[in-house]
Novice: 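Have a look at the structure that comes next, please.
By convention here, the first residue in the shown sequence is residue 1. Quick note: numbers below take in every heavy atom, side chains included, and nothing from hydrogens, waters or symmetry partners.
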Amino acid sequence: MHQCYYCEQLFDSKEDLYEHVEVHSDIERNKEIMDRKNKDSKK
């Protein structure tokens with residue numbers, strides 16, 4: 001068993017886990033980009 005360290009969801013294979021974790025990394029990256037845009041627009 002493999003567990004996602006973001007949401008603690010369980011997966012049977014590493015491949016499933018890696019595919020799932022990509023979703024989280026995309027979300028985190030997008031959050032950072034949006035945060036930066038928001039800070040820039042407030043100036």
Novice: Please tell me if the side chains of Glu28 and Lys31 come closer than 4.5 Å, counting only heavy atoms from C-beta onward.
Specialist: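 Counting from C-beta outward, Glu28 and Lys31 do come under 4.5 Å.
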Novice: To the nearest 0.5 Å, tell me how far His20 NE2 sits from Leu10 CG.
Specialist: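 It comes to 10.0 Å.
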Novice: Do Gln9 and Phe11 have side chains that get closer than 4.5 Å, going by heavy atoms?
Specialist: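 Yes, at least one pair of side-chain atoms sits under 4.5 Å.
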Novice: Measure the CG-NZ distance between Asp40 and Lys37 for me, rounded to the nearest 0.5 Å.
Specialist: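 It comes to 10.0 Å.
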Novice: Assess, by modelled atom type and distance only, whether the side chains of Ser41 and Asn38 contain a donor and an acceptor separated by less than 3.5 Å.
Specialist: no
Novice: Should we say atom OH of Tyr6 is surrounded by more than 12 heavy atoms from elsewhere, each under 6.0 Å from it?
Specialist: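 More than 12 within 6.0 Å, yes.
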Novice: Shortest non-hydrogen contact from Asp12 to His2?
Specialist: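 In this case the closest contact between Asp12 and His2 is O-CD2, 3.8 Å.
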Novice: Looking at Arg29 and Asp26, does any basic side-chain N land under 4.0 Å from a carboxylate oxygen?
Specialist: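 Salt bridge present between Arg29 and Asp26.
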Novice: Quick one: SG on Cys4 to CG on Asp16, what's the gap to the nearest 0.5 Å?
Specialist: 12.0 Å
Novice: Look at the side-chain heavy atoms of Ile, Leu, Val, Met, Phe, Trp and Tyr, link any pair under 4.5 Å apart, and say whether Tyr5 and Leu17 land in one connected group.
Specialist: yes
